[in-house]
Visitor: 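First the structure, which I've put down as structure tokens, then a few questions once you've had a look.
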Amino acid sequence: MAATTTTMPSSMAASLVTSLRSLPAHALVPLVASALLFVVAVVLRRRRRPVYLLNYSCHLPDVDRKVNLEVCEYFGQRCRHYSDDTADFMRLIYRKSGLGQETYAPPFIFSGEFQKTQAFAVQEAEEGLFATVAHLLAKSDVRPRDVGFVVVACSMFSPAPSLASMIVRRFGMPPGTRTYSLAGMGCSAGTVGIDMAARALRVSRRGGYALVVVTENMSLNWYFGENKHMLVTNCIFRVGSAAALVTDVAARRGDAKYELVRTLRTHHGGDDAAYNAAVQMEDEEGNVGVALTKDLVRVAGAGLRQHIATLAPHVLPVSELLRYVWRVARAYVAGNPKAAAAIVPDFQRAFEHMCIHSGGKAVIDAVAKLMAFGPQVVEPARATLHRFGNTSSSLVFYELAYFEAKRRVRAGDRLWMLAFGTGFKACSNVWRALRDSAPDADNPWNACAHRYPAALPPPSTRRSSGGAPAMDSTHLKNDKLP
């Protein structure tokens, strides 16, 4: 019986082949064509629907929200929460932070009350979220009732009703709108939100539009204690929000700016040092704040190494992967395993533009050193930190706006968004430009981009022994911010 069962398929296949051979050509051709069309249809159906970044907006607060070192010192003296030693420490951190004199602070800083309250936190959230979403919907020609998904990310402020509910209510979105609120994701929430929105669109049968809104809230997280690890956030975090519309509607491809090519998230929370690198906590006196430990930069470097090891095979050309393997093998043969471990692929061969997490000067320096990036690669990150400070999850969108304000993006260019978050996470979004860039009317850099370094010449093809592009004095001079 078993033998009969085994031979039946083969005999059926043989008879089928014999029948096909007996068919005349005029009947066989349409049959083969139909079979090929069926195979193509199955392949296309299995292929993920493309997701596009239709447009995005970054919040530019009113001029009366600008803050500089003088305003910070005035606030610190009048609030009477800090000792002279603490004030001196914050002044030192501020001057070394890489922040300029035109960043933006939350409303309570200017209120004269010197107290953080829920009302101020709600005001800060509404000012950033509502203005940004309104600008985005208007310039994208999308009505609020057309938005099927709303993803709102804010790490340190999670009110009830949620921030997503505030947006739905303000813009009168329909009851069928699906909302998601992300909290505790840190500065990676912007890239995570894009990934989540793309997945939601792809699993939805009808697709449509997904609104991603990313912000941070300082009003309830300003630290009024003496712990130096927790005082750093007062010095570098500033107000900022961004909103993005992603869609899988094929008819809007011609209007879209970018196509989402790949997303990647790696989580390194299994390591104690990584988990505790940035933690919201209470100090000895019960003051709540976010502690940034001395391990943060080291953890960021280690997390980035593991992250790019996963990303590299998917984005780097084969020639660069082979070159990387050859360099590592040569170092091992030479008996230098430490040098082999320090070698990284040249990601400038994979991307024309990089929005590197600009959470602080030390983080930018660490990424540049590990990845062998020259000053021209990290210029947008340094400029964003200088002009807007650390705006957390919206940072990568301010950097994207910088590229567009400088008109550097051309159709077909590849762009890498890289962000780090608490936990510790490293997250990437890879985009392909669908058209040449030009700054929108609400681009936050429109009035100040000319003050920052102009487009730098491409890196030299001459390589140093470490594999990094050789930089001349012109590159170093242009890297200085005003």
Side-chain angles (χ1 to χ4, degrees), residues 48-59 129 132-133 136-137 140 142 147-155 163-164 167 178-204 207-216 240-249 252-253 256-267 307 310-311 314-315 351 353-359 384 391-401 403-404 409 413-421 423 425-434:
R48 295 190 306 175
R49 295 199 303 269
V51 171
Y52 309 106
L53 176 60
L54 187 60
N55 216 323
Y56 68 98
S57 289
C58 297
H59 181 48
L129 301 182
T132 309
V133 172
L136 175 61
L137 293 176
S140 302
V142 173
V147 177
F149 303 90
V150 176
V151 180
V152 180
C154 182
S155 188
L163 297 177
I167 292 175
R178 302 179 188 179
T179 62
Y180 305 90
S181 296
L182 304 179
M185 306 295 285
C187 299
S188 66
T191 49
V192 172
I194 292 292
D195 179 38
M196 187 173 185
R199 292 174 184 270
L201 288 172
R202 283 170 174 152
V203 300
S204 173
Y209 299 94
L211 174 65
V212 180
V213 188
V214 289
T215 188
E216 194 48 84
S241 303
L245 264 174
V246 293
T247 180
D248 63 347
V249 178
R252 297 304 304 268
R253 187 183 190 278
K257 289 188 172 184
Y258 303 90
E259 180 180 350
L260 185 62
V261 177
R262 181 171 295 277
T263 62
L264 175 66
R265 286 187 275 166
T266 55
H267 203 301
H307 186 76
T310 306
L311 181 66
H314 300 286
V315 298
F351 306 107
H353 315 286
M354 304 185 197
C355 300
I356 299 168
H357 179 75
S358 51
T384 300
T391 63
S392 190
S393 53
S394 60
L395 279 169
V396 288
F397 291 99
Y398 283 91
E399 289 189 55
L400 180 57
F403 281 116
E404 294 193 354
V409 181
D413 284 358
R414 299 154 299 175
L415 186 139
W416 182 22
M417 284 184 173
L418 171 67
F420 303 130
K425 295 179 288 296
C427 307
S428 288
N429 291 340
V430 177
W431 304 91
R432 180 185 296 109
L434 299 177

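When a residue number appears, it is its place in the shown sequence, counting from 1.
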Visitor: How would you list, by chain and number, every residue that makes a side chain to side chain donor-acceptor pair (under 3.5 Å) with T391, sequence neighbours excluded?
Guide: S394

Visitor: What residues form a salt bridge (charged side-chain N to carboxylate O under 4.0 Å, His left out) with R262, not counting sequence neighbours?
Guide: none

Visitor: Please report the shortest heavy-atom distance between T132 and S57, naming the atom on each side.
Guide: CG2-O, 3.3 Å

Visitor: Would you name the heavy atoms of A433 and Y258 that are closest together and state the gap between them?
Guide: CA-CD2, 3.6 Å

Visitor: Just jot down the ring pair (Phe, Tyr, Trp, His ring centres under 6.0 Å) partners of H353, sequence neighbours excluded, or say none.
Guide: F403

Visitor: Can you tell me how far apart CH2 (W431) and CD1 (I194) are? Round to the nearest 0.5 Å.
Guide: 4.5 Å

Visitor: What residues form a ring pair (Phe, Tyr, Trp, His ring centres under 6.0 Å) with F351, not counting sequence neighbours?
Guide: W416

Visitor: Of all heavy-atom pairs between V396 and L418, which one has the smallest distance, and what is that distance?
Guide: CG1-O, 3.9 Å

Visitor: Please list, chain by chain and in numerical order, all residues satisfying ring pair (Phe, Tyr, Trp, His ring centres under 6.0 Å) with H59, sequence neighbours excluded.
Guide: none

Visitor: Sequence neighbours excluded, which residues qualify as side chain to side chain donor-acceptor pair (under 3.5 Å) partners of T384?
Guide: none

Visitor: Work out which heavy atom in A243 is nearest to a heavy atom in L211; give both atom names and the distance.
Guide: CB-CD1, 4.4 Å

Visitor: With sequence neighbours excluded, what pairs up with Y180 under the ring pair (Phe, Tyr, Trp, His ring centres under 6.0 Å) test?
Guide: none

Visitor: Kindly state each residue pair satisfying side-chain hydrogen bond (donor to acceptor under 3.5 Å, both in side chains) with at least one member in residues 193-203, sequence neighbours excluded.
Guide: D195-R199, D195-T263, D195-R265

Visitor: Suppose we screen for salt bridge (charged side-chain N to carboxylate O under 4.0 Å, His left out). Which residues come up paired with R178, at least two apart in sequence or across chains?
Guide: none

Visitor: Evaluate the side-chain contact (heavy atoms from CB on, under 4.5 Å) criterion for residues L136 and N55: first the C-alpha distance (whole Å), next the side-chain angles of each, then the deciding distance (0.1 Å), finally the verdict.
Guide: CA-CA 7 Å; L136 175 61; N55 216 323; 3.9 Å; yes

Visitor: On a heavy-atom basis, which atom in S140 and which in R252 lie closest, and how many Å separate them?
Guide: O-NH2, 3.0 Å

Visitor: Could you work out, with side chain to side chain contact (heavy atoms under 4.5 Å, CB included) as the rule, every residue matching A200, not counting sequence neighbours?
Guide: F149

Visitor: Mind checking side chain to side chain donor-acceptor pair (under 3.5 Å) for Y52 and listing every partner two or more places apart, or none if nothing turns up?
Guide: none

Visitor: Can you name the side chain to side chain donor-acceptor pair (under 3.5 Å) partners of S358, sequence neighbours left out?
Guide: E399

Visitor: Which pair of non-hydrogen atoms, one from E216 and one from S392, has the smallest distance, and what is that distance?
Guide: OE1-OG, 3.5 Å

